[in-house]
Amino acid sequence: MIVQLLILALLLLIIPTVIGGLFINIDKIGEKMVFRWVSGQFALWAGFQLICVPLILREKRFEYLVQLFLGYMAALTLMALAMEIQRRVKVMRYGRVSLRGLFRGKENRSVVLWMLFWGLLLFQLVQAVRLAYGDTDDAYYVAVSSITESSNTMYEVLPYTGGGTKLDMRHGLAPFPIWVAFLARMSGMPAVMVAQVVLPVVLIAMAYGIFYLLGSVLIPEKGGKLALFLIFTEILVLFGNYSIYTVENFMIARSRQGKAALGSLVIPFLLLLLLLLLRKLEAKGKRHWMLYLLIAAGMLTGCLCSTLGVLLVCLAIGVAGLLGAICYKRFQVLFPLAACCIPCLCYGVLYFLFD
């Protein structure tokens with residue numbers, strides 16, 4: 001069990017943080033470890049979507065996906081390490097890349113608020129594991145992960161009966177359960193345990209990391225205001241279970257499902273990236289091309305999580321890009337944003353062609 005958890009920590013924490021160093025120059029927020037972790041994971045998710053869907057359409061074995069994705073992960077890791085070494089040699093700024101923003105406040109009130117935030121976060125993580133239950137959708141999604149890992153096939157076995165079936169295009173274009181199966185295959189932990197125990201801890205913590213990044217852009221950290229924002233966010237999540245269809249319920253109780261990750265992770269992260277982009281348009285500053293690449297990665301991750309994500313992420317990018325172009329008279333921004341939408345539009349066309 002310890003070895004399995006260490007492997008999952010490597011795949012879900014260490015490697016994404018290293019890969020996130022590729023995006024350190026897009027904005028000053030890129031120096032935060034939380035941003036590196038989240039952006040690196042989104043880069044991995046985007047690559048998984050690009051590799052997995054063609055293999056599903058060609059009905060290839062799951063082991064081919066594992067080998068190709070490991071190669072992709074290794075290539076990004078080596079590239080990020082090379083850039084990190086180059087940065088250290090040139091400017092020696094790695095020592096300033098830390099989570100210091102979380103502990104910057106020196107006032108007693110700020111320290112107390114941050115302690116309260118961490119306490120509430122720990123409580124939510126423990127409860128998400130302790131009170132884990134089988135949602136009705138798990139009869140399909142978690143079963144797909146288990147069958148994929150055990151049968152070495154992708155969407156060729158009906159999870160309800162175990163019998164053969166034709167390719168399910170609606171779910172095959174959003175293979176988030178296959179990613180869960182990849183984690184199970186690499187760690188040796190059963191897919192159901194990965195989905196029910198490990199992923200809630202990681203994905204809920206990542207969701208609050210994104211909220212922290214959004215708050216650090218919008219709210220000054222002085223006087224514990226950022227900590228207070230996060231505490232109120234936690235309270236809303238804790239008391240948001242008035243319906244099984246709320247975002248709060250999806251985040252806490254169903255984080256292992258792709259549509260929950262779409263609402264809790266992908267859309268907030270895209271809003272963060274669009275906020276950074278609009279601020280650069282307002283200041284007439286230079287927009288790093290890696291920012292557009294990260295936006296594209298976020299959009300591909302939306303497609304990985306749910307077929308509905310194809311529509312939602314394109315709609316968000318289109319509205320934000322159009323408003324930014326009109327308000328700041330920077331119409332050239334529409335062209336790279338339109339290019340970011342092309343992969344999503346391709347998945348939308350595939351859905352209508354093969355469904």
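Count residues from 1 along the sequence. For clarity, every value in this text was computed on a predicted model and none was experimentally measured.
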| message | Please find the pair of heavy atoms, one from R36 and one from V18, that lie closest to each other, and give the distance. | response | NH2-O, 4.0 Å
| said: On a heavy-atom basis, which atom in G240 and which in T246 lie closest, and how many Å separate them? | reply: O-OG1, 2.7 Å
| said: Quick check: closest heavy atoms across Q41 and L12, and the distance to 0.1 Å? | reply: OE1-O, 3.9 Å
| Value rounded to 0.5 Å, distance of CG in L276 from NZ in K28 | 10.5 Å
| query | Out of curiosity, L312 CG to L308 CG, how far, rounded to the nearest 0.5 Å? | reply | 4.0 Å
| Taking atom SG of C314 and atom CG of L337, what is their separation to the nearest 0.5 Å? | 11.0 Å
| request: Evaluate the side-chain contact (heavy atoms from CB on, under 4.5 Å) criterion for residues W114 and S110: first the C-alpha distance (whole Å), next the side-chain angles of each, then the deciding distance (0.1 Å), finally the verdict. | output: CA-CA 6 Å; W114 279 115; S110 178; 3.5 Å; yes
| field | Closest contact, heavy atoms only, T148 versus R185 | value | O-NH2, 4.4 Å
| query | Between E234 and Y208, is any side-chain donor less than 3.5 angstrom from a side-chain acceptor? | reply | no
| Steps toward ring-ring contact (aromatic ring centres under 6.0 Å, His included) verdict (W289, Y292) | CA-CA 5 Å; W289 64 272; Y292 292 114; 9.9 Å; no
| Quick check: does any side chain N or O of E149 sit under 3.5 Å from a backbone N or O of A181, one acting as donor and the other as acceptor? | no
| task | Look at the side chain of W37 and the backbone N and O of G209, then say whether any donor-acceptor pair between them is shorter than 3.5 Å. | result | no
| request: Would you mind checking if R279 and D27 are paired as a salt bridge, meaning a charged N to carboxylate O distance below 4.0 Å? | output: no
| field | R61 with E156: basic N within carboxylate O range, under 4.0 Å | value | no
| request: State yes or no: do L10 and V197 share one hydrophobic cluster built from I, L, V, M, F, W and Y residues joined by side-chain heavy-atom distances below 4.5 Å, directly or via other members? | output: yes
| request: Return the minimal non-hydrogen interatomic distance between L214 and L271, and the atom names on each side. | output: CD2-C, 4.4 Å
| message | So does L173 get a backbone contact from the side chain of Q49, meaning a donor-acceptor N/O pair under 3.5 Å? | response | yes
| said: To the closest 0.5 Å, what do you measure between CD (Q127) and CG (L122)? | reply: 10.0 Å
| message | Using modelled atom types and a 3.5 Å cut-off, is there a donor and acceptor pairing between side-chain atoms of N152 and backbone atoms of E63? | response | yes
| task | Would you check, one step at a time, whether the test side-chain contact (heavy atoms from CB on, under 4.5 Å) holds for W179 with L44? | result | CA-CA 10 Å; W179 176 70; L44 289 174; over 6 Å; no
Let me have the donor-acceptor pairs involving side chains of residues 251-269, under 3.5 Å, with sequence neighbours excluded, atom names and distances please.
residue, atom, partner, partner atom, Å
R254, NE, Q257, OE1, 3.3
R254, NH1, I244, O, 3.4
R254, NH2, D135, OD2, 3.3
R254, NH2, D137, OD2, 2.5
R254, NH2, Q257, OE1, 3.4
R256, NE, D138, OD1, 3.1
R256, NE, D138, OD2, 3.0
R256, NH1, A253, O, 2.9
R256, NH2, Y133, O, 2.9
R256, NH2, D138, OD2, 2.7
R256, NH2, A253, O, 3.4
Q257, NE2, D135, OD2, 3.4
Q257, NE2, D138, OD1, 3.1
K259, NZ, D137, OD2, 2.6
S264, OG, A260, O, 3.1

| field | ring pair (Phe, Tyr, Trp, His ring centres under 6.0 Å) partner of F69, chosen from F62, F182, Y64, W45 | value | F182
| remark: Residue pairs meeting salt bridge (Lys or Arg N to Asp or Glu O under 4.0 Å), one or both in residues 115-124, sequence neighbours left out, come to none
| field | Test side-chain contact (heavy atoms from CB on, under 4.5 Å) applied to K280 and L291, step by step | value | CA-CA 11 Å; K280 289 181 180 295; L291 177 58; 4.2 Å; yes
| request: Return yes if some donor-acceptor pair links the side-chain N/O of S146 with the main-chain N/O of V142 below 3.5 Å, else return no. | output: yes
| said: Quick check on side chain to side chain contact (heavy atoms under 4.5 Å, CB included): which of L57, V310, L345 does L350 satisfy it with? | reply: L57
| request: Count the heavy atoms belonging to other residues, nucleotides or ligands that lie under 6.0 Å from CZ of F331, then report whether that count exceeds 12. | output: yes
